[in-house]
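Below is one structure; the comments refer to it alone.
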Amino acid sequence: MAKPLGMADTISRRTLLAAAGAAGLAPLSFSQSAQRAPHKGMPVAISSANGMRTTEKAMELLRAGQDGLDAAIAGVNIVEEDPNDMSVGYGGLPNERGVVELDSCCMHGPTYRAGAVASLRNIKTPSRVAKVVMERTDHVLLVGEGALEFARMHGFEETNLLTEAARKAWVKWKESLSKDDDYLEPPAASPLPARPTGTITCLTLNDKSEISGVTTTSGLAYKIPGRVGDSPIIGAGLYVDNQIGACGSTGRGEAVILSCGSRIVVENMRHGMTPEEACLDVLKRICDYTVDPLLLREKGRPNFEVNFYAVNKKGEFGGARIYRGGRYAVHDGTQNRLMDSAYLY
Ligand code: ASP
């Protein structure tokens, strides 16, 4: 299991890195503490905790010699198409008007290309549309009606993404919003669960040390129509640098956008941090910069969660989040398992 790094540990390592930089020394490496694939050159697939089937599938395809991005996308497609995961794709929780709007981006390390779609309706697998944006346009991001037209143009089938379970959850949320509107309260026997969050990311490293990644989500449940989180934003919900490593995120998208989270995690790895240290450093910055009282709970800590997942070119990987209790899925070439995420608090 990943060893939780305490904050003091992170800070002292950061201080060391800064001191080394100021003295003009080569960046320090802390790779000794990193989780890694058992053998050099062994492929790795890492995903969020809802991605055990994703890492299994991605590894199967990596072993069969498929491109790393195709492997990652095939892995997340399983969850996008699964109505029981209400945070991704088909069956995802809708926006405040009851319409499911999906966000996704992907990045292909070897060719340094990316594609993304945001606020896409009616298509179960936005990750695949993101890849077609990458392959068939000179753009990176298409949104809303334009993204849907583009998907139609490329033969994607349209479906009503709102399942009965998601519709019922939305109705319950809507009826619970206010005592002053004309909707009657839902039956008291069924308390409203906390506003659900979720997303899936998958990063792959193949046996040629090529890195790719994808992130896909239905976004924040009951969001304002048109709201876009971090998941389709290159540099926020995903970043891949084929020379260094990759990072993907889940959790409060606004915090990840503001911190340019995944990009900074990759930059941290460039400067010598292990994947886990790189993730913890950005989480620490997010906590330090969160000062809005609406976003704080006791001890001045954020009242939200952010998770980062990262892999580097050497096959080292890690996951971290703000609060204890997170996990991530990883297939390291020998076994597929859930690992404990490192944490700040
Ligand atoms: N990151 C996603 C978003 O903000 C949601 C999540 O991962 O829970 O849209």
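Atoms within a ligand are numbered from 1 in the order they appear, just like the ligands themselves. It should be emphasised that the depicted structure is a prediction, and the values quoted were computed from it without experimental measurement.
In terms of protein heavy-atom proximity, atom 8 (O) of ligand 1 is closest to Gly198 N, 2.7 Å.
Between Lys124 and Glu80 there is no salt bridge, since no side-chain N of the basic residue sits under 4.0 Å from a carboxylate O of the acidic one. With salt bridges taken as basic N to acidic carboxylate O contacts below 4.0 Å, none links Lys174 and Asp181. Of the charged side-chain nitrogens involved, at least one lies within less than 4.0 Å of a carboxylate oxygen, so that Arg270 and Glu267 count as a salt-bridged pair. Electrostatic pairing of Lys57 and Glu60 counts as a salt bridge here, judged by a charged N lying under 4.0 Å from a carboxylate O.
Atoms of ligand 1 lying under 4.0 Å from at least one heavy atom of Leu220, given by number and element, are 9 (O).
Residue-level proximity to ligand 1 for Ser231 is carried by the side chain, the only part with a heavy atom below 4.0 angstrom.
Checked against a 3.5 angstrom limit, the closest N/O atoms of Gly229 and ligand 1 fall outside it. For ligand 1, the polar-atom distance check against Gly219 finds no nitrogen or oxygen pair separated by under 3.5 Å.
Note on ring orientation: taking the six-membered ring where Trp is involved, the planes of Tyr222 and Trp173 are parallel (angle under 30°, cut-offs 30° and 60°).
Proximity of Glu254 to ligand 1 is not established, as no heavy-atom distance is less than 4.0 Å.
For atom 5 (C) of ligand 1, the nearest non-hydrogen atom from the set Leu102, Ile257, Thr199 belongs to Thr199. Of all the listed residues (Thr217, Asn307, Asp230, Thr250), Asp230 holds the heavy atom that lies closest to atom 3 (C) of ligand 1. Scanning Glu305, Lys223, Arg227 for the heavy atom closest to atom 4 (O) of ligand 1 points to Arg227.
Legend: salt bridge (Lys or Arg N to Asp or Glu O under 4.0 Å) pairs involving residues 212-225, not counting sequence neighbours: none detected.
The side-chain heavy atoms of Thr163 and Tyr90, taken from C-beta on, include a pair separated by under 4.5 Å.
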